[in-house]
Amino acid sequence: MNTPFELSLIAPAKLNLFLHINGRRDDGYHELETLFTFLNYGDELHFKLSTDTLISISGDTNGIALTDNLIYKAALLLQTHCKVNLGAKINLTKRLPMGGGVGGGSSDAASTLLALNTLWNTALSLDELADLGLKLGADVPVFIKGKSAIAHGIGEQLEYLELPPKWYCVVFPNQHVSTAQIFTHPDLKRDTPKLSGDWQQQILTNDCEPLVKKLCPEVEKTLQWLLKYAPSKMTGTGSCCFVEFASQVQAQDVLANLPHTWQGFIASSVSTSPAHTELAAIIDK
Ligand SMILES: C[C@](O)(CO)[C@H](O)COP(=O)(O)OP(=O)(O)OC[C@H]1O[C@@H](n2ccc(N)nc2=O)[C@H](O)[C@@H]1O
Ligand SMILES: Nc1ncnc2c1ncn2[C@@H]1O[C@H](COP(=O)(O)OP(=O)(O)OP(=O)(O)O)[C@@H](O)[C@H]1O
């Protein structure tokens with residue numbers, strides 16, 4: 001491969017198909033077990049190499065200050081860690097709702113690490129990138145590794161598995177939920193026993209759901225409305241809710257009937273992150 005000067009990469013959404021909280025560590029982080037799948041839908045990032053060391057972001061920055069943006073933080077982390085004397089001009093097309101539980105910020109950070117590791121020729125392994133990514137957020141490693149998995153620990157210990165592809169309708173009830181607020185709330189259920197035996201034979205829930213429904217009536221309304229179509233669930237710490245189907249038309253039907261006050265999208269799930277599929281195609285050229 002000739003090292004490219006620019007490249008585009010998706011930052012896909014994730015869904016937590018279940019999320020069990022098993023306890024709280026002394027540092028405040030929670031021990032959890034959660035099933036991650038990736039969606040063929042996400043933010044779009046474009047990276048252009050620059051020969052100075054500046055890192056800039058244009059496009060849909062949505063009022064996030066440059067130095068708070070997880071894209072910038074990821075780029076700076078890799079630049080510093082590998083002592084890179086190059087920079088990057090990064091453009092963001094934001095499609096994933098922020099504070100929606102679909103992992104947009106973490107996925108942006110992961111795709112930035114993956115793309116710049118190629119453009120800057122830093123050649124870190126996925127394990128090394130995932131270790132760096134964990135400094136930015138508990139969800140970053142799964143996006144770096146790019147395979148559907150049950151995560152243990154705080155979300156960084158990954159047990160990979162293939163999942164059959166499904167179609168999802170994901171609904172954002174126009175309410176942003178702060179992950180930190182949910183994890184610090186006294187009423188959060190934190191005592192689900194760890195999975196043992198075949199996880200597919202067990203009752204799988206999202207332990208954040210009862211609390212988020214109480215704090216955000218709009219989430220409760222969304223889950224109720226979706227129930228007309230299929231069993232509804234919330235992803236991560238909310239606020240997005242989703243229903244699963246075998247076919248695209250069923251997911252499309254839900255989206256077509258969505259009340260105007262909410263936003264939604266449909267997407268198919270994939271066991272390999274589309275960021276990895278796209279990057280492999282670029283590297284193979
Ligand atoms: C709940 C999930 O969305 C499931 O996918 C993630 O585990 C959250 O991952 P994330 O957004 O990357 O999380 P971070 O940015 O690391 O942390 C956000 C906030 O959630 C809390 N947090 C996060 C993950 C975890 N296992 N326990 C926690 O208590 C942290 O205290 C922090 O205040
Ligand atoms: N590039 C970015 N995209 C989205 N959010 C960002 C970004 N950079 C920083 N943030 C901050 O991170 C917060 C959480 O963003 P994100 O959209 O990842 O939430 P989430 O989908 O609920 O994540 P998770 O499910 O991982 O908890 C935002 O409210 C925002 O302040």
Side-chain angles (χ1 to χ4, degrees), residues 11-39 41-45 55 57-77 90-113 130 133-144 148-158 170 172-173 175-185 188-190 192 206-209 211-212 216 219 233-242:
K14 56 86 175 166
L15 290 178
N16 300 94
L17 299 181
F18 69 82
L19 173 54
H20 293 174
I21 303 175
N22 313 117
R24 193 187 212 166
R25 300 194 321 197
D26 291 343
D27 64 1
Y29 267 80
H30 289 74
E31 288 280 337
L32 45 86
E33 287 179 319
T34 183
L35 176 54
F36 282 107
T37 192
F38 300 103
L39 298 182
Y41 181 90
D43 294 344
E44 199 58 49
L45 290 158
I55 296 161
I57 306 178
S58 58
D60 305 328
T61 49
N62 294 339
I64 301 174
L66 178 71
T67 51
D68 290 337
N69 200 311
L70 282 159
I71 297 171
Y72 179 82
K73 288 185 180 182
L76 190 64
L77 192 61
I90 307 170
N91 185 267
L92 169 66
T93 305
K94 193 88 195 148
R95 298 204 178 94
L96 300 177
M98 300 204 309
V102 291
S106 309
S107 188
D108 285 352
S111 286
T112 300
L113 290 173
L134 185 58
K135 295 180 204 275
L136 301 168
D139 269 355
V140 181
V142 73
F143 285 110
I144 294 283
S148 53
I150 295 186
H152 306 265
I154 63 162
E156 86 296 11
Q157 294 163 24
L158 302 172
V170 181
F172 176 61
Q175 296 223 330
H176 304 267
V177 174
S178 150
T179 304
Q181 188 203 346
I182 300 306
F183 275 120
T184 50
H185 201 287
L188 179 66
K189 177 170 167 36
R190 300 179 162 91
T192 298
N206 181 333
D207 286 339
C208 300
E209 212 178 280
L211 174 63
V212 177
C216 292
V219 169
K233 285 188 183 170
M234 193 184 81
T235 176
T237 51
S239 58
C240 286
C241 304
F242 62 93

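Numbering of ligands and ligand atoms starts at 1, following listing order. It should be emphasised that the depicted structure is a prediction, and the values quoted were computed from it without experimental measurement. Quick note: numbers below take in every heavy atom, side chains included, and nothing from hydrogens, waters or symmetry partners.
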Discussion item. Is it the case that atom CG in D26 sees more than 12 heavy atoms from other parts of the structure closer than 6.0 Å?
Written reply: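 Count not over threshold, so no.
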If you compare all heavy atoms of [X] against all heavy atoms of [Y], which two are closest, and at what distance to 0.1 Å?
X    : Y    : result
V219 : C241 : CG1-SG, 3.9 Å
Y72  : T67  : CD2-CA, 3.7 Å
I182 : V212 : CD1-CG2, 3.7 Å
N206 : M234 : ND2-O, 2.9 Å

Practice prompt. Give a yes/no verdict on whether any heavy atom in H176 is under 4.0 Å from an atom of ligand 2.
Written response: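 Outside the 4.0 Å threshold, so no.
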Nitrogen or oxygen of [X] less than 3.5 angstrom from that of ligand 2:
X    : result
L92  : no
G236 : no
G103 : yes

Considering only protein heavy atoms, which is closest to [atom], and at what distance to one decimal place?
atom                    : answer
atom 12 (O) of ligand 2 : L70 CD1, 4.2 Å
atom 28 (C) of ligand 2 : M98 CB, 4.5 Å
atom 21 (C) of ligand 1 : F183 CD1, 3.4 Å
atom 27 (N) of ligand 1 : H30 N, 2.8 Å
atom 20 (P) of ligand 2 : G101 N, 3.4 Å
atom 18 (O) of ligand 2 : G105 N, 2.7 Å
atom 13 (O) of ligand 1 : A138 N, 3.9 Å
atom 19 (O) of ligand 2 : G99 N, 3.3 Å
atom 10 (N) of ligand 2 : I64 CD1, 3.8 Å
atom 18 (C) of ligand 1 : T179 CG2, 3.9 Å
atom 25 (O) of ligand 2 : K14 NZ, 3.1 Å
atom 23 (C) of ligand 1 : Y29 CE2, 3.5 Å
atom 27 (O) of ligand 2 : T179 OG1, 2.8 Å

Side-chain contact test, heavy atoms from C-beta onward, threshold under 4.5 Å: evaluate it for [X] versus [Y] and give yes or no.
X    : Y    : value
L134 : V140 : no
L39  : P12  : no
L113 : F143 : no
L136 : S106 : no

Item to complete: Kindly identify the option in D139, L134, T237 whose heavy atom sits closest to atom 8 (C) of ligand 1.
Response: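 Result: the heavy atom closest to atom 8 (C) of ligand 1 is in D139.
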Worksheet entry | Heavy-atom nearest neighbour of atom 19 (C) of ligand 1 within options A151, A180, A109 |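 Residue with the shortest heavy-atom distance to the ligand atom: A180.
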Worksheet item: Is there a heavy atom in K14 that sits closer than 4.0 Å to ligand 1?
Response: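 The answer is yes, since K14 has a heavy atom less than 4.0 Å from ligand 1.
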Worksheet item: Measuring from the heavy atoms of L32, does anything fall under 4.0 Å of ligand 1?
Response: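 Under 4.0 Å: yes for L32.
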Would you mind running through ligand 2 and noting each atom that sits below 4.0 Å from a heavy atom of [X]?
X    : result
D139 : 24 (P), 25 (O), 26 (O)
V102 : 21 (O)
S106 : 18 (O), 26 (O)
K94  : 3 (N), 4 (C)
D68  : 8 (N), 9 (C)

Worksheet entry | Salt-bridge criterion met for D43 and K94 (N-O under 4.0 Å) |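 Salt bridge present between D43 and K94.
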Worksheet item: In this structure, which one of T37, L15, L17 forms a side-chain contact (heavy atoms from CB on, under 4.5 Å) with T235?
Response: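 Looking at T37, L15, L17, the match for T235 under the side-chain contact (heavy atoms from CB on, under 4.5 Å) is L15.
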Practice prompt. Report the part of D108 (side chain from C-beta onward, or backbone N, CA, C, O) that has a heavy atom under 4.0 Å from ligand 2; answer both or neither where that applies.
Written response: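 The answer is the side chain.
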Looking at [X] and [Y], would you say the former's side chain and the latter's main chain have a donor-acceptor pair under 3.5 Å?
X    : Y    : answer
N16  : L35  : no
S107 : G103 : no
N62  : I64  : no

Item to complete: Select one of side chain, backbone, both or neither to describe which atoms of N16 lie under 4.0 Å from any atom of ligand 1, heavy atoms only.
Response: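 Under 4.0 Å from ligand 1, N16 contributes side-chain atoms alone.
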Fill in: Under-4.0 Å heavy-atom contact with ligand 1, by part of S106 that carries it
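Under 4.0 Å from ligand 1, S106 contributes side-chain atoms alone.
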Item to complete: Please check if a non-hydrogen protein atom sits closer than 4.0 Å to atom 2 (C) of ligand 2.
Response: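 There is a protein heavy atom less than 4.0 Å from atom 2 (C) of ligand 2.
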Go through ligand 1 atom by atom and flag the ones less than 4.0 Å from a non-hydrogen atom of [X].
X    : result
G137 : 12 (O), 15 (O), 16 (O)
G28  : 29 (O)
F36  : 5 (O)

Discussion item. Before you tell me yes or no, could you show the steps for Y41 and L96 under side chain to side chain contact (heavy atoms under 4.5 Å, CB included), namely the whole-Å CA-CA distance, both residues' side-chain angles and the distance that decides it to 0.1 Å?
Written reply: CA-CA 8 Å; Y41 181 90; L96 300 177; 3.8 Å; yes
Just by distance, no angles: are the side chains of [X] and [Y] close enough, under 3.5 Å, to form a donor-acceptor pair?
X    : Y    : value
T192 : N22  : no
E33  : H20  : no
H30  : R190 : yes
T237 : T179 : yes

Discussion item. Does ligand 1 come near enough to G155 that some N or O of the ligand is less than 3.5 Å from an N or O of the residue?
Written reply: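 Checking ligand 1 against G155, no N or O pair falls under 3.5 Å apart.
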